Amino acid sequence: MRRVLLGAWLLAMTASAAPPDAGVPPESLRSVVDSLAREAARLSPGTDLALAVTDLRTGESASFSGATPHISASSAKVFWVAAALKQRDLKQVAPLAEKVFRTSDNEASGELIDLVGGPDAINVYLQGLGMKNTALTKWNYGGQRWATNSPKVMQNDNYFCADDAVSFLARLDTKALLKPGPTARLLKWMELTPRQGCGGWLGTRLPARARASLQHKGGWLPPGCCSDDARYNVLNEIGLVTLPDGGRYAVAILASRGPDWPKQAFVVERASCVLYRHLAKDAALDCGEALAKAGGPAPVVLDAGAPAPDYDC
């Protein structure tokens, strides 16, 4: 009887000494991405979201609508710079690339396309990388340029998908796209972009250290910019983020068609932060919890006849 009681006591002590989450599997990257997709539908109704992420330390990947084509806006310029670096001397590319990443210069982007050999040559490069849901269809800044080999999945718009973007970034980071010198320069140029706010949504809610080292390219076609807000209102972010342990991850967050631009921007900023919090195991990081619980930014209400806000950078 004493042995039975002793055994029961030891079992009870072992159970009480175990951590509260013993036996509970850690949250997967897949579940985080799925949760962000559900939250986006609540926070920004009407927004089309695509999200993809790869932990470059482990290879763990997850995506939501990752293969769905989205209008690429200026985020695709990082692909065009890489194509130019693949074919041309660094000295020819550098003056144009710096303008592309500092101010998202459209004319400089056109000159880069010309350096590669035009839109058709860009698409050959992209297809060679296996980027099946990405294409340059036209670019008419500084001259008319139309591709003859674009599948035109999105009519006359340039497009990409989140999975293609993350695959590209992962290979860039491992120097599988370019030689070490051009790789280093391209990654450095990707630090010339805004760190937060307009054009820097990926870094807005990240810790200061991660924000400072962020390598990314935003792309945006805000309300009023184009022919149809129900088709555009594009807000994209693709980039490489460094974690506290020195590891990195590649991420693409693509949002479009949202009728409320500040809410759509909040979805992108918060998703970036929540992914970082998960991968950095930084449970204390505030990713706008109170604002998310309240439904995101308050709707923009304009007085009768008042002009719409200018959301272009």
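If you're wondering where the values come from, they're calculated on a predicted model, not measured in any experiment.
- Leu254 and Tyr311 are not part of a single hydrophobic cluster, where members link through side-chain heavy atoms under 4.5 Å apart.
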Do Leu279 and Leu29 pass the side-chain contact (heavy atoms from CB on, under 4.5 Å) test, and can you show the C-alpha distance, the side-chain angles, and the key distance before you say yes or no? CA-CA 8 Å; Leu279 291 168; Leu29 190 57; 4.2 Å; yes
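- Atom-to-atom distance recorded for Tyr276:OH and Arg205:CZ is 15.5 Å, nearest 0.5 angstrom.
- Defined by atom type and a distance below 3.5 Å, a donor-acceptor pair is missing between the side-chain atoms of Arg209 and Ser213.
- Asp164 and Asn133 form no side-chain donor-acceptor contact under 3.5 Å, judged by distance and modelled atom types alone.
- Residues Leu285 and Pro207 are in side-chain contact: their nearest non-hydrogen atoms beyond the backbone lie under 4.5 Å apart.
- At distances below 3.5 Å, at least one donor-acceptor pair connects side-chain atoms of Asp229 with backbone N or O atoms of Gly224.
- Counting only heavy atoms from C-beta outward, the side chains of Val100 and Trp80 never approach each other to under 4.5 Å.
- Closest approach of Ala250 and Leu169 over heavy atoms only: CB-CB, 3.9 Å.
- With hydrogens and angles ignored, the 3.5 Å screen pairs a side-chain donor or acceptor of Ser150 with a backbone N or O of Lys152.
- Annotation: side chain of Asp173 is in contact with side chain of Arg248 (closest heavy-atom distance under 4.5 Å).
- Heavy atoms only, all atoms of each residue included: Thr134 and Cys161 are closest at OG1-N, 3.9 Å.
- Here the shortest heavy-atom pairing between Pro297 and Pro262 reads CG-O, 3.7 Å.
- A distance-only check finds no donor-acceptor pair linking the side chain of Ser272 to the backbone of Glu269 [under 3.5 Å].
- Electrostatic pairing of Glu237 and Arg270 does not count as a salt bridge here, judged by no charged N lying under 4.0 Å from a carboxylate O.
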Before giving the answer on side-chain hydrogen bond (donor to acceptor under 3.5 Å, both in side chains), spell out for Ser167 and Arg171 the whole-Å C-alpha distance, their side-chain angles and the decisive distance to 0.1 Å. CA-CA 6 Å; Ser167 172; Arg171 284 180 285 177; 3.1 Å; yes
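- Between the CG atom in Leu85 and the CD atom in Gln92 there is a gap of 10.5 Å [rounded to 0.5 Å].
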Would Gln196 and Arg211 count as a side-chain contact (heavy atoms from CB on, under 4.5 Å) if you check the C-alpha gap in whole Å, the side-chain angles of each, and the deciding distance to 0.1 Å? CA-CA 8 Å; Gln196 58 189 332; Arg211 190 165 58 243; 4.0 Å; yes
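- Under the 3.5 Å distance criterion, the side-chain polar atoms of Lys77 are matched with a main-chain donor or acceptor of Ser104.
- A distance-only check finds a donor-acceptor pair linking the side chain of Arg195 to the backbone of Thr193 [under 3.5 Å].
- Nearest heavy atom pair, residue Cys273 against residue Leu206, reads CA-CD2, 4.0 Å.
- Under a 3.5 Å cut-off, the side chain of Asp120 and the backbone N or O of Thr148 do form a donor-acceptor pair.
- Between Pro222 and Trp261, the closest side-chain pair of non-hydrogen atoms falls below 4.5 Å.
- In this structure, CG in Leu178 is found 9.0 Å from CG in Leu187, a value given to the nearest 0.5 Å.
- Taking each heavy atom of Gly258 and Thr47 in turn, the nearest pair found is CA-OG1, 3.3 Å.
- Between the side chains of Gln264 and Ser44, not a single donor N or O lies within less than 3.5 Å of an accepting N or O.
- Tested against Leu202, the residues Gln215, Lys217, His216 include a single side-chain contact (heavy atoms from CB on, under 4.5 Å) partner, His216.
- Residues Leu177 and Leu129 have side chains in contact (heavy-atom distance under 4.5 Å, counting atoms from C-beta outward).
- Hydrophobic clustering (ILVMFWY, side-chain heavy atoms < 4.5 Å, transitive): Val241 and Phe64 are in one cluster.
- Ile71 contributes atom CD1, which lies 12.0 Å from atom OH of Tyr159 (distance to the nearest 0.5 angstrom).
- Asp157 and Tyr232 are linked by a side-chain donor-acceptor pair at a separation below 3.5 angstrom, with hydrogens and angles left out of the test.
- Side chain of Arg88 to backbone of Val93: no donor-acceptor contact under 3.5 angstrom is found.
- By the rule that hydrophobic residues join a cluster once side-chain heavy atoms approach within less than 4.5 Å of another member, Tyr249 and Ile238 end up as members of separate clusters.
- Leu56 and Val33 are assigned to two separate hydrophobic clusters, defined by single-linkage of ILVMFWY side chains at heavy-atom distances under 4.5 Å.
- Checked by atom type and distance alone, the side chain of Gln87 never pairs as donor or acceptor with a backbone atom of Leu115 at under 3.5 Å.
- Side chains of Asp55 and Ser61 form no contact here, defined as non-hydrogen atoms less than 4.5 Å apart.
- Salt-bridge annotation for Arg30 and Asp34: present, with a side-chain N of the basic residue lying under 4.0 Å from a carboxylate O of the acidic one.
- Looking only at distances, a side-chain donor or acceptor of Asp260 sits under 3.5 Å from a matching main-chain atom of Lys263.
- Checked against the 6.0 Å centroid criterion, the rings of Trp220 and Trp201 qualify as a close aromatic pair.
- A donor-acceptor pair is defined here as one N or O able to donate and one able to accept, closer than 3.5 Å; no such pair exists between the side chain of Lys86 and the backbone of Val116.
- Remark: Arg257 engages Asp48 in a salt bridge, criterion side-chain N to carboxylate O under 4.0 Å.
- A salt bridge links Asp245 with Arg57: the closest approach of a Lys/Arg side-chain nitrogen to an acidic carboxylate oxygen falls below 4.0 angstrom.
- Between the side chains of Asn158 and Ser72, no donor-acceptor pair of N or O atoms lies under 3.5 Å.
- Between atom OG1 of residue Thr183 and atom NZ of residue Lys188 there is a gap of 14.5 Å, rounded to the nearest 0.5 Å.
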Using the side-chain contact (heavy atoms from CB on, under 4.5 Å) rule, take Tyr141 and Ser109 through it: C-alpha gap first, then chi angles, then the decisive distance, then the call. CA-CA 8 Å; Tyr141 295 94; Ser109 299; over 6 Å; no
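- Residues Trp146 and Val153 do not share a hydrophobic cluster, defined by chaining ILVMFWY side chains whose heavy atoms lie under 4.5 Å apart.
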Evaluate the side-chain hydrogen bond (donor to acceptor under 3.5 Å, both in side chains) criterion for residues Lys99 and Asn106: first the C-alpha distance (whole Å), next the side-chain angles of each, then the deciding distance (0.1 Å), finally the verdict. CA-CA 9 Å; Lys99 293 179 182 178; Asn106 288 328; over 6 Å; no
I would like to know whether Thr137 and Asn156 meet side-chain hydrogen bond (donor to acceptor under 3.5 Å, both in side chains); could you show each step before the answer? CA-CA 6 Å; Thr137 302; Asn156 290 332; over 6 Å; no
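- If you check the side chains of Ser256 and Asn233, you find no donor sitting under 3.5 Å from an acceptor.
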Quick one, Leu275 with Leu51, criterion side-chain contact (heavy atoms from CB on, under 4.5 Å). Give me CA distance, side-chain angles, the key distance, then yes/no. CA-CA 11 Å; Leu275 289 169; Leu51 197 161; 3.9 Å; yes
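- Side-chain atoms of Phe101 and Val78, non-hydrogen and from C-beta on, do get closer than 4.5 Å to each other.
- Leu172 contributes atom CG, which lies 10.5 Å from atom CZ of Phe79 (distance to the nearest 0.5 angstrom).
- In this structure, Pro119 and Trp139 have side chains that are not in contact, with every pair of non-hydrogen atoms separated by 4.5 Å or more.
- Considering only residues two or more places apart in sequence or on other chains, Ala230 meets the side-chain contact (heavy atoms from CB on, under 4.5 Å) condition with Asp228.
- Scanning both residues, Gly199 and Cys313, for their nearest heavy atoms gives N-SG, 3.5 Å.
- Remark: Glu27 does not engage Lys281 in a salt bridge, criterion side-chain N to carboxylate O under 4.0 Å.
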